[in-house]
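One structure is given below, encoded as structure tokens.
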Amino acid sequence: MANEKDLLDRLEAMSFNRRTFLKSLVAAGFAAEFGGLLPAAAPRTAAAASSAPEAFVTEPSRRIPLLREVDVLVVGGGMAGVSAAVAASRMGMKTLLVEYFGFLGGNATAALVNDFCGFYTRTRKTVQLIGGIGGEVVQELIDGAGGRKWRHVVDFDPEALKVILDKKVLEAGVEPLFYTQFAAPLMDGNAVRGAFIENKAGRQAIRAKVVLDCTGDGDVCAAAGVPFEVGDGKGDMQACDMAFRLGNVDETTFDQGFFFDNADRLMAEAVALGDYKLTRTGGNLGYTFVPGVYWANMARVPWAVDGTKPEHLTRSSVEGRQIAREFARFLRDRIPGLEKSAIVETAAKIGLRETRRVTGEHLLTADEVLGAKKFEDGVVANAWPVEMHIPGQLKRKMMFLKGDEYHTIPFRSLVPKGVEGVLMAGRFISCSHNAQASIRVMGPAAGMGQAVGVAAALAVRAGTAPRKVAAAALRAELKSQGAFIG
Ligand SMILES: Cc1cc2nc3c(=O)[nH]c(=O)nc-3n(C[C@H](O)[C@H](O)[C@H](O)COP(=O)(O)OP(=O)(O)OC[C@H]3O[C@@H](n4cnc5c(N)ncnc54)[C@H](O)[C@@H]3O)c2cc1C
């Protein structure tokens with residue numbers, strides 16, 4: 001089995017040919033052309049953006065109202081956070097879920113990423129790997145005509161998903177608190193004992209026996225002092241895209257299978273001829289259940305957006321909306337059935353594939369992913385390929401597990417190093433940059449969420465630190481909840 005460096009070399013060797021790559025650099029001129037209204041030029045890498053001098057002011061200390069004391073505080077209501085909160089609450093924990101947006105789902109709703117990957121293997125058989133709470137959500141979508149299993153993915157209507165997730169958390173007894181941002185951890189030595197939050201009511205505190213960081217970015221762990229890397233640690237990271245919904249699609253002539261199988265080629269041809277400034281080739285046009293409306297995942301921002309920097313988020317959102325319009329023009333001109341289509345909505349949030357990766361007790365590697373490694377403390381089964389979207393390159397790079405093989409994610413990758421009282425789930429867990437390209441999709445996110453929710457409940461019941469939860473007990477409980485297949 002190759003090591004991590006070999007893998008990177010192999011990914012590099014799979015690069016698109018040089019001519020196409022140069023075209024992609026031309027496409028990257030998008031930033032200069034359309035970002036001109038913003039004050040500073042878009043930096044190519046995160047590293048290039050970090051040299052501004054800093055000034056400081058002193059904030060006076062103040063007494064903060066204590067809003068709640070709970071067993072489990074979940075920060076972030078994406079697929080990881082929802083699964084974590086529901087799992088903890090179902091096990092009798094008083095659970096509060098804090099979410100920045102006014103709805104749940106994270107990227108699935110806010111970033112309009114409207115198909116679930118990683119719930120099934122990618123063969124014709126499509127073996128289901130994510131059961132438990134994530135599996136329930138998928139089944140409810142399908143049963144309620146708000147979701148459809150198509151090949152190995154599940155296309156869904158984000159409005160249907162929002163309502164299902166609201167219902168799931170409320171039925172489980174979770175208290176949701178929306179429009180609220182995690183501001184800082186409430187620390188006792190090296191242990192997280194709750195959080196300071198900010199919302200329209202100002203700054204408040206929440207005490208919790210266990211905090212579950214499900215922010216996608218590792219906000220809680222980073223602020224608590226757990227070491228982390230951003231992207232590949234050298235300033236590059238997975239590319240981000242601005243998803244959009246396309247209306248007025250003629251469903252009598254549009255063929256999703258045709259698009260899926262041919263988009264790469266058609267876009268590459270269009271770029272080679274210089275007809276369109278497309279910043280990537282391929283992508284997805286997924287079914288949404290709204291007649292004549294499809295969701296589009298393709299409008300790539302062609303530079304390394306560091307989603308922990310507000311100025312990067314701002315600029316990429318502005319550019320992303322303009323890039324989406326260029327893709328819509330291509331689709332209208334070149335894809336049968338889309339001749340009269342138009343953008344009906346761009347996502348509320350730029351889609352971030354990768355920001356921080358927080359260091360935990362085990363760093364999952366791409367060798368372990370592709371080698372289908374099973375850990376003694378494995379808590380989630382994953383078969384999604386290593387799928388790299390590199391800013392400035394037109395074509396994604398994929399490396400697959402064989403057949404229906406899967407690896408597991410060890411509990412230790414969800415336990416942050418050196419800080420107590422907090423566990424993590426979702427796309428920022430302890431793994432290498434290449435492994436992250438596999439485990440980041442929403443099936444494993446849901447599985448990891450359930451795993452940390454159960455672990456938090458077991459820790460509170462036993463009065464122990466979450467990291468001390470016995471792997472055997474955790475695995476047994478997850479299996480009894482239908483969560484872990486493997
Ligand atoms: C363009 C793009 C396409 C993708 N395509 C697919 C795909 O087709 N299928 C698939 O399965 N996956 C896909 N992914 C990956 C997937 O969407 C994410 O990796 C996944 O959503 C991770 O789930 P999560 O719960 O860890 O994080 P998120 O979905 O990001 O959820 C995190 C939640 O935490 C909240 N939050 C963050 N910080 C704070 C804070 N400080 N205070 C309060 N709340 C906070 C956020 O608002 C959000 O709701 C794609 C990603 C992108 C960007």
Side-chain angles (χ1 to χ4, degrees), residues 73-85 97-120 130 134 138 150 152-156 161-162 165 176-185 195-199 212-223 237-244 280 283-286 295-301 305 307-308 313 316 320 324 347-356 382 384 387 389 396 414 424-429 436-449 452:
L73 169 64
V74 179
V75 184
M79 288 308 291
V82 167
S83 305
L97 169 58
V98 165
E99 166 55 44
Y100 171 79
F101 281 101
F103 49 83
L104 299 167
N107 272 352
T109 48
L112 287 179
V113 174
N114 293 162
D115 72 3
F116 283 137
C117 297
F119 282 77
Y120 304 89
I130 302 297
V138 161
W150 186 76
H152 56 271
V153 303
V154 178
D155 289 327
F156 58 83
L161 181 66
K162 283 178 189 170
L165 298 181
L177 187 62
F178 292 163
Y179 304 105
T180 298
Q181 182 144 14
F182 162 84
F196 295 100
I197 55 165
E198 299 262 2
N199 55 27
L212 300 178
D213 185 346
C214 300
T215 56
D217 302 317
D219 285 4
V220 180
C221 292
M237 59 202 82
Q238 286 251 26
C240 73
D241 297 8
M242 176 60 84
F244 57 96
R280 72 172 278 196
N284 194 4
L285 260 187
W295 80 279
N297 170 20
M298 55 192 69
R300 164 75 33 88
V301 177
V305 176
T308 66
L313 290 170
S316 62
K349 176 179 184 285
I350 188 80
L352 300 166
R353 290 187 172 82
E354 182 186 24
T355 52
R356 298 186 186 98
N382 174 48
W384 195 251
E387 181 189 350
H389 296 257
R396 68 182 174 174
L414 313 181
M424 49 190 177
R427 65 168 190 260
F428 68 91
I429 61 153
Q436 198 272 351
S438 162
I439 59 89
R440 67 186 173 81
V441 291
M442 293 186 278
M448 287 185 249
V452 296

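Indexing begins at 1, ligand by ligand and atom by atom, following the structure's order.
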Worksheet entry | For Lys349, all residues meeting salt bridge (charged side-chain N to carboxylate O under 4.0 Å, His left out), sequence neighbours excluded | none
Worksheet entry | side-chain hydrogen bond (donor to acceptor under 3.5 Å, both in side chains) partners of Thr109, counting only residues at least two apart | none
Worksheet item: Between Asp217, Thr308, Asp219, which is the residue that forms a side-chain hydrogen bond (donor to acceptor under 3.5 Å, both in side chains) with Arg356?
Response: Asp219
Response to the item:
Per the under 4.0 Å non-hydrogen criterion, ligand 1 touches Gly76, Gly77, Gly78, Met79, Ala80, Glu99, Tyr100, Phe101, Gly106, Asn107, Val113, Asp115, Phe116, Cys117, Thr180, Gln181, Phe182, Cys214, Thr215, Gly216, Asp219, Asp241, Asn297, Gly351, Leu352, Arg353, Gly426, Arg427, Arg440, Val441, Met442, Ala445
Worksheet item: Quick one: salt bridge (charged side-chain N to carboxylate O under 4.0 Å, His left out) partners of Asp115, sequence neighbours excluded?
Response: none
Item to complete: Check Asn199, Leu97, Leu104 against Phe178 for a side chain to side chain contact (heavy atoms under 4.5 Å, CB included) and give me the one that passes.
Response: Leu104
Worksheet item: Taking the side chain as C-beta and beyond, is there a heavy-atom pair between Arg353 and Asn107 under 4.5 Å?
Response: no
